[in-house]
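Reading through the structure tokens given below for one structure.
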Amino acid sequence: MALAASASTGLYAGSDDHERARRALERGEVLPLRAVLEQVERTQQGQVLKIEFERDDGRYLYKIRLLQPDGRVAKLKVDAVDGRVLSIKRKHP
């Protein structure tokens, strides 16, 4: 099962997230969401449930919630600048 989402799917937690991400992308400060999801897809499987975009301690992050094939929900913190997965937390169904 592959990741399935795009910046236009409405998966952002709120319109502020979407606007903030769009402005940061226009300024060249972050990777496009599609590029980040492609990088994440190389190591993680699942269906995207939710995406949040925020700035934490000066670092832009995508917080991505995935429903994995085994039924667990994984919460990923991904660096929006280079697409590196910084942390993964999983919850059992």
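Atoms considered below: every heavy atom in the structure, side chains included; atoms not considered: hydrogens, waters and symmetry mates.
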Exercise. Can you name the closest pair of heavy atoms from I64 and V36 and give their distance?
Worked result: CD1-CG1, 4.4 Å
Exercise. Do I51 and L61 sit in the same hydrophobic cluster, where Ile, Leu, Val, Met, Phe, Trp and Tyr count as joined when their side-chain heavy atoms come under 4.5 Å apart?
Worked result: no
For this session: State, yes or no, whether a side-chain contact exists between V40 and V85 at a heavy-atom distance under 4.5 Å.
Result: yes
Seminar exercise, completed: dist D70:CG -> Q45:CD (nearest 0.5 Å) comes out at 9.5 Å
For this session: Measure the NZ-NZ distance between K63 and K77 for me, rounded to the nearest 0.5 Å.
Result: 4.5 Å
Exercise. Does L76 belong to the same Ile/Leu/Val/Met/Phe/Trp/Tyr cluster as L31, with side-chain heavy atoms less than 4.5 Å apart forming each link?
Worked result: yes
Exercise. Charged N to carboxylate O under 4.0 angstrom, R34 versus E38?
Worked result: yes
For this session: Would you confirm whether R65, through its side chain, and V73, through its main-chain N or O, come within 3.5 Å as a donor-acceptor pair?
Result: no
Seminar exercise, completed: R90 meets the side-chain contact (heavy atoms from CB on, under 4.5 Å) criterion, sequence neighbours left out, with Q44, Q68, R72, A74, I88
Exercise. Looking at Y60, does the NZ or CZ of R55 lie under 6.0 angstrom from its six-membered ring centre and within 45 degrees of the ring axis?
Worked result: yes
For this session: Using only heavy-atom distances, determine whether the side chains of E52 and Y62 contain a donor-acceptor pair under 3.5 Å.
Result: no
Seminar exercise, completed: The side-chain contact (heavy atoms from CB on, under 4.5 Å) partners of R84 (sequence neighbours excluded) come to R59, D79, D82, L86
Seminar exercise, completed: For F53 and A24, the nearest pair of non-hydrogen atoms, with its separation, is CZ-CB, 4.1 Å
Exercise. After noting the C-alpha distance and the side-chain angles of E26 and R23, does the key distance pass the salt bridge (Lys or Arg N to Asp or Glu O under 4.0 Å) rule?
Worked result: CA-CA 5 Å; E26 287 174 351; R23 286 192 307 269; over 6 Å; no
